[in-house]
Amino acid sequence: MTINTMNIVRELALTVPGATRIFEQFGIDYCCGGYRSLSDACQVRGIEIGEVVRSLEALRQTPDDSRDWREESLTSLAEYIIDTHHLFTKHEFDRLEKLLDKISSRHGEKQPELFEAQRIFAHLKEDLIPHMLKEEQVLFPFIARMEKAVGEESALAPPFFGTVRNPVRIMMMEHDAAGDLLIQLRSVTNGYMTPPDGCIGIQSLYHELSVLEADLHQHIHLENNILFPRAVEMEESIAPDLYNSANVFNEHRFLASTLITK
Ligand SMILES: [Fe+2]
Ligand SMILES: [Fe+2]
C-alpha cells in the first residue's frame, strides 16, 4: 500500500504499524474522527501534509513488532484492552485527579484554567469508569462466549441485549462523548502548553494528561476500528436471525447491568 494523501486515516491506523504514534504527534484524530482522508485531516489541523506522509513512510521502513489485532482472536484483544488500557486509565484517573486537586488549589487563582481542566477531567472520569465496567462485565464476556461458540460450533444463547450491535452502538456514542471532552481538555490547557509563568508541577501535570489522552485515543481506536466491527461481523456470520424485529433491545437493562455486576 502506497501512502498518498487520499488514504483514509482510519485505514492507515489499521494497516501501518506505529501510524497512531505519528497521528498523536501531529494531533490527527484517528479514532472517532478517523473516517476522513489524510488530506482532509491535515487541512483541519492546519498541518503540512508532506511532513506527515514522510513520517509515515519512514515508519514503514523500520521493523515494528506490534501485534496485528486484525489477525488475533477477539478474546485476546479484549483481554489486552482490559489488561493494558483499562488498567492504565483507572490508575491514571485516580492519580491525576489527586494531582489536579493539588495543583489547582495551589495555582488556580493565577491560572483559573486549571479549575476548568479539573471540571472536564472529573466529567471524563465519571463517564469512562462505568463505560469500562460495561465493557468488562457485559460486552467483552459476550464477545468471548460468541467466539468460543464459533470455534466449537456450539449453540450460543441470544444475549439479553438482542444483538451485539446495540451495546456497540452505545459504547461508540460514549467514545464520541469522551473524545469531545478530550478536545475540551486540550483546548482549555492551550494544547497542554505550560503558561510562561507556570511551575514545573503544571508542566508535569500537562505532560501526564497528554499521555493519558494518547492512550485513550489508542484504546478507542482498538475498540471502534477493530474489536467492535469484527464482533458485529462474526455475529452476522453465525446468527442472522438474531437481527429480526422480535429481538427488542432493552437499553435500560443494559445500562442497569453495570449496577448489578458492580
Ligand atoms: Fe475500553
Ligand atoms: Fe470503550
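None of the values given here were measured: they were computed from a predicted structure. Atoms within a ligand are numbered from 1 in the order they appear, just like the ligands themselves. Worth knowing before you read on, the calculation uses all heavy atoms, side chains too, and leaves out hydrogens, waters and symmetry mates. Here, residue 1 is the first one in the sequence, and each next residue gets the next number.
- Connection of W69 to L139 is established within a shared hydrophobic cluster, with ILVMFWY side chains joined at heavy-atom distances below 4.5 Å, either directly or through further cluster members.
- Restricting E223 to its N/O/S atoms, the shortest distance to the Fe ion (ligand 1) is reached by OE2.
- In E135, the N, O or S atom that comes nearest to the Fe ion (ligand 2) is OE2.
- Few gaps surround CZ on R95; more than 12 heavy atoms of other groups in view lie less than 6.0 Å from it.
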Given the rule in the side chain to side chain contact (heavy atoms under 4.5 Å, CB included) test, do E135 and E174 qualify, once you have shown the distances and angles that lead to the verdict?
CA-CA 12 Å; E135 290 176 338; E174 291 179 358; over 6 Å; no
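- For E153, the CD atom is loosely surrounded, since the number of other residues' heavy atoms within 6.0 Å does not exceed 12.
- Counting backbone and side-chain atoms alike, H219 contributes an N/O/S atom closer than 2.8 Å to the Fe ion (ligand 1).
- Between the Fe ion (ligand 2) and the N, O or S atoms of H175, the shortest distance is to NE2.
- With contacts defined as side-chain heavy-atom distances shorter than 4.5 Å, the pair I49/F26 does not qualify.
- Here H86 reaches the Fe ion (ligand 1): one of its N/O/S atoms is less than 2.8 Å from the metal.
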